[in-house]
Amino acid sequence: MALINQDFRFQEKRERHPYLRWAVFAVASVVLGVVLAKTSSNSQTADSLPSFKEVKPSKDEIVRLSFELTLPELQAKQKIIDELNQESVKQWQELKVKSGDSLARLFKRAGFSSQQLDEVMKSGDAAKKLTKIFPDDIFRVLTDDNGQLQALRYEIDPETYLMVEREYGELVAKEYKHTIETRVAHAEGEIDSSLFLAANEAGISESIIMELAGIFGWDIDFALDIRKGDGFKLLYEEVFRNGEKIKDGEILAAEFVNDGEVYRAVRYTNPETNRTEYYSPEGKSLRKEFLRTPVNFTRISSRFTNKRYHPVLKKWRSHKGVDYAAKRGTPIRAAGDGKVTFKGKKGGYGRVVMIQHGSRYTTVYAHLNSYNKKIRVGKRVKQGQTIAYVGSSGLATGPHLHYEFRVNGVHRNPQTVRLPSSQPVPKRYMADFELTTAPVFAQLDLLTRDTQVALAESE
Ligand SMILES: [Zn+2]
């Protein structure tokens with residue numbers, strides 16, 4: 001009889017709050033499971049209620065489920081459990097770790113006694129993980145009416161978490177593993193106005209779009225080159241925790257059609273260097289090379305530093321580039337394939353050329369005497385191509401090239417910055433490369449905008 005009453009109550013709640021439905025159902029199942037276990041001694045077997053037996057989750061599942069609920073959901077769930085057990089309702093709260101916090105400090109701030117802290121630390125080997133906690137970590141703690149700690153939850157890393165539970169009066173710590181899986185997803189899209197819009201329509205996250213733009217950024221300018229009718233296909237990973245997607249993984253392969261030209265990329269790890277990069281189907285790196293120095297110089301007249309004395313301004317200021325002293329008129333070469341983004345005068349820089357390489361890199365050439373007449377803003381340049389000539393325009397004491405190398409807008413030392421590798425797949429690994437990537441390209445081949453239309457029509 002009691003069972004039936006409880007069942008009605010769940011029906012009611014389910015309607016009022018559909019999101020809680022399966023949490024409530026899970027709790028119901030567990031509670032009923034407990035009731036069944038208790039009543040089985042009264043010669044009633046679980047088989048007499050097969051519908052409940054089928055949905056009864058394992059204890060492990062409940063533990064994980066409860067970990068993933070939001071705090072209000074957890075509170076609601078706790079309330080149901082406590083009411084069913086005819087106990088006073090226990091309270092969950094979240095404690096956020098601040099910089100410099102130890103568990104002791106955190107507990108003290110939350111009003112727990114040192115005895116409670118002791119009890120947690122002695123709750124088992126798994127609790128040793130609590131000696132190292134980090135700012136912004138979140139603890140969830142459950143307390144009863146008397147403020148006594150009943151449970152504690154703590155995410156050790158994205159895959160592991162700690163549960164401390166009061167069992168028969170004593171706190172017991174246990175470590176659990178989430179189930180992490182990687183699945184391959186695919187997406188296709190055709191561009192009408194912008195890549196972002198098309199990617200959005202295809203259901204791709206911003207991080208994947210940025211990665212896609214980064215992969216092809218050496219060949220395609222996603223701000224200026226994109227045309228209506230361009231399209232893309234990609235295979236990428238999705239990471240799931242306990243069956244729920246938590247984030248996107250890496251792009252495995254991608255194709256981009258720009259103005260009728262097809263670009264393809266595949267992710268491959270060079271077995272020799274163990275470095276993972278994107279390659280064309282022929283095994284060429286999609287990144288392009290850089291010259292370490294873009295000019296034949298006589299000497300370096302000033303190095304990259306965050307502070308130096310400026311001889312013209314007679315002030316201390318940082319020098320975010322390298323000065324290569326050279327005869328006036330010495331040709332300056334583009335450090336890498338790219339696109340001219342600026343050509344003209346710019347304050348103390350004098351005459352300047354800026355080149356954008358891929359999506360991350362920019363090089364800057366300053367104090368120029370003159371430009372190569374073929375150089376125009378928006379036009380592509382090849383590595384080694386002469387772009388300008390050494391001079392002393394702007395704030396310069398004598399003819400030299402002031403050269404800057406920026407990565408994602410941040411000035412880096414051109415002499416030491418790690419330049420992107422652009423080596424093709426080594427010859428002796430080409431067989432391995434082809435063997436590894438052929439099935440991936442085959443999968444990519446299966447994705448066409450035509451099949452997508454066909455699928456949509458058949459649905
Ligand atoms: Zn300089």
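Keep in mind the model is a prediction, meaning the values are calculated, not measured. One-based numbering, in listed order, for ligands and for the atoms of each.
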T341 and Q356: side-chain donor and acceptor closer than 3.5 Å? no
Is R406 close to E404 at the side-chain level, that is, under 4.5 Å between some pair of heavy atoms? yes
Need the atom name: nearest N/O/S atom of D323 to the Zn ion (ligand 1). OD1
Among the N/O/S atoms of H402, which is closest to the Zn ion (ligand 1)? Give the atom name. ND1
Measuring from the Zn ion (ligand 1), name the closest N, O or S atom belonging to H319. NE2
Of all heavy-atom pairs linking S422 and R287, the shortest is CB-O, 3.5 Å
Centroid separation H319 to F304 less than 6.0 Å: no
